[in-house]
Protein chains: 2
Amino acid sequence: MSTGPAFKRLPRAVRQQQMLDSAVRIFSRRGYHGASMDEIAEVAGISKPMVYAYLGSKEELFVACLHREGTRMVEAIAGAAAPDLPADERLWRGLRAFLGFVGAHRDGWAVLYRQARAEQPFARELTVMRARLVEVVAGMLDHALRAEGREVADTELEVVAYALVGASESLADWLADHPEADPEKTATQMMNVAWLGAGQLLHGLTWHPPVA
Amino acid sequence: MSTGPAFKRLPRAVRQQQMLDSAVRIFSRRGYHGASMDEIAEVAGISKPMVYAYLGSKEELFVACLHREGTRMVEAIAGAAAPDLPADERLWRGLRAFLGFVGAHRDGWAVLYRQARAEQPFARELTVMRARLVEVVAGMLDHALRAEGREVADTELEVVAYALVGASESLADWLADHPEADPEKTATQMMNVAWLGAGQLLHGLTWHPPVA
DNA sequence: GAGCATACCTACTCGTGCGTAAGGTTACGC
DNA sequence: GCGTAACCTTACGCACGAGTAGGTATGCTC
């Protein structure tokens with residue numbers, strides 16, 4: 001008499017998600033190259049050929065992780081920032097959603113940003129996502145500027161947007177390494193730097209290097 | 001009659017630097033795992049066992065690269081920021097030195113930040129360097145605050161410093177990907193966000209979330 | 001309850017790349 | 001000139017991990 005099968009047979013859709021969950025965890029801990037397909041399969045409670053059957057190659061598996069986590073993140077942010085609010089409130093909501101997401105999905109964040117940036121094949125994918133974020137922020141600044149009746153070259157806006165996105169990412173990393181920290185509070189502090197600084201710029205105030 | 005040895009015999013110190021030069025280039029292009037010791041040896045114009053004889057293992061070689069480039073960078077920044085200047089000028093000089101360094105040593109930057117962050121064994125090394133930078137910035141803010149007769153919790157300062165460092169790093173990446181861009185100008189733009197934002201904070205102005 | 005698709009496994013092949021053993025060649029001290 | 005130490009090479013062992021071949025069990029349909 002058997003005790004029944006040790007492994008339940010599950011429909012494809014379910015197993016696939018389990019595999020992705022496992023892969024995100026392993027990739028985030030070991031890095032792309034450090035992760036082995038054997039370990040991913042083991043953690044998913046399944047054998048290796050199943051992973052290949054469902055997800056293709058290791059590279060495709062990683063891209064699938066990137067895609068799922070990236071989509072979740074973008075949706076979390078997009079869902080929070082209603083289009084017709086004043087600029088600072090949009091920035092605030094987007095920021096809060098972003099840091100909140102990172103706080104709740106640290107593995108996803110690690111895969112998305114820490115791993116993917118280093119690897120040639122995936123850098124492009126990542127750069128595109130990031131560029132979209134920068135564009136959104138730059139668009140917001142531009143909108144606010146026009147409302148003030150002022151105008152600034154696109155490159156300048158892009159650089160400022162880059163700085164803001166970079167600062168947010170940096171705080172996201174800080175958050176990922178400090179589990180006790182409160183995402184909400186961190187977002188407020190980020191707003192302090194971002195909005196006061198950007199706000200000054202919006203009102204035409206600029207800083208100039210000291211004359212040597 | 002031989003045409004003489006194809007490879008010159010060189011003293012250890014010289015060869016070691018050549019190897020590190022080669023290693024930094026290859027690591028920055030291929031990533032830590034993507035780089036092969038064979039290729040590094042080939043580019044250095046030397047055979048593989050020499051690399052092992054002088055630098056030990058692949059991991060040690062990478063750490064040596066990290067260490068050399070990191071030291072160069074820290075020295076470049078520290079050498080620029082004289083201790084007794086006003087806060088905004090210190091920030092400005094440090095920033096300019098930092099972005100100038102990245103503009104001139106793109107390979108070094110790539111090794112230091114893009115590669116090392118993803119790999120477990122080196123993350124710690126990197127975190128320490130970064131923490132030192134954050135500490136310097138936080139110290140500067142603290143100093144300026146006390147001069148204003150105000151005081152703020154250490155954690156708050158750290159978060160703001162983190163944001164500033166992150167924004168700078170982000171612009172460094174932008175710079176590395178835009179060879180035509182001018183580091184000097186980029187530094188000025190960064191100062192605009194950083195100093196106006198931080199400056200407002202220093203004067204006691206804060207941003208508060210809207211009451212839902 | 002036969003047939004078929006789908007879920008799932010064990011056990012391999014094979015390339016790649018780290019690290020090394022063993023030996024050759026040039027410079028330099030005496 | 002001759003030993004010796006430092007420089008440098010070719011050619012290999014070996015482990016690890018991506019990907020696969022081929023086979024088994026389970027449920028679903030008619």
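Chain identifiers are assigned alphabetically (A, B, ...) following the order of the sequence lines, protein sequences preceding nucleic acid strands; residue numbering begins at 1 within each chain.
Taking atom CD1 on Ile46(B) and atom C1' on dA6(D), their separation rounds to 13 Å, with Å as the unit. Whole-Å rounding puts the Gln16(B) CD to dA6(D) P distance at 15 Å. The nearest whole Å value for the distance from the NZ atom in Lys48(A) to the P atom in dT13(C) is 14 Å.
Across all their heavy atoms, Met19(B) and Ile46(B) have their closest contact at CE-CG2, 4.3 Å. For Ser28(B) against Ala110(B), the heavy-atom pair with the smallest separation is CB-CB, 3.8 Å.
Across residues 49-58 of chain B, Pro49(B), Tyr52(B), Ser57(B), Lys58(B) each have a non-hydrogen atom less than 4.0 Å from an atom of DNA chain C (numbered order).
Picking from dG19(D), dC8(D), dT20(C) the nucleotide with the shortest atom distance to the side chain of Arg15(B) gives dC8(D). Checking dC8(D), dT20(C), dA18(D) against the side-chain heavy atoms of Ser36(A) singles out dA18(D) as nearest. Among the nucleotides dC18(C), dA18(D), dA7(C), the one closest to any side-chain atom of Met37(B) is dC18(C). Of the candidates dC8(D), dG17(D), dG17(C), the closest approach to any side-chain atom of Ser47(B) belongs to dC8(D).
With DNA chain D read from its 5' end, the first of the two nearest nucleotides for Ala13(B) and Glu59(A) is the one closest to Ala13(B).
Side-chain contact, Ser170(A) with Arg130(B): a donor N or O sits under 3.5 Å from an acceptor N or O.
The 12-atom threshold is not exceeded at CD of Glu135(A), counting heavy atoms of other residues, nucleotides or ligands nearer than 6.0 Å.
Among the atoms of the strands shown, only primed sugar atoms or phosphate atoms (P, OP1, OP2) are found under 4.0 Å from some heavy atom of Ala35(B).
Taking the side-chain contact (heavy atoms from CB on, under 4.5 Å) definition, one finds that Arg114(A) meets it with Trp109(A), Asp173(A), Ala176(A), Asp177(A), sequence neighbours left out.
Listed by first and then second residue, the salt bridge (Lys or Arg N to Asp or Glu O under 4.0 Å) pairs involving residues 47-65 of chain A are Asp38(A)-Lys48(A) (not counting sequence neighbours).
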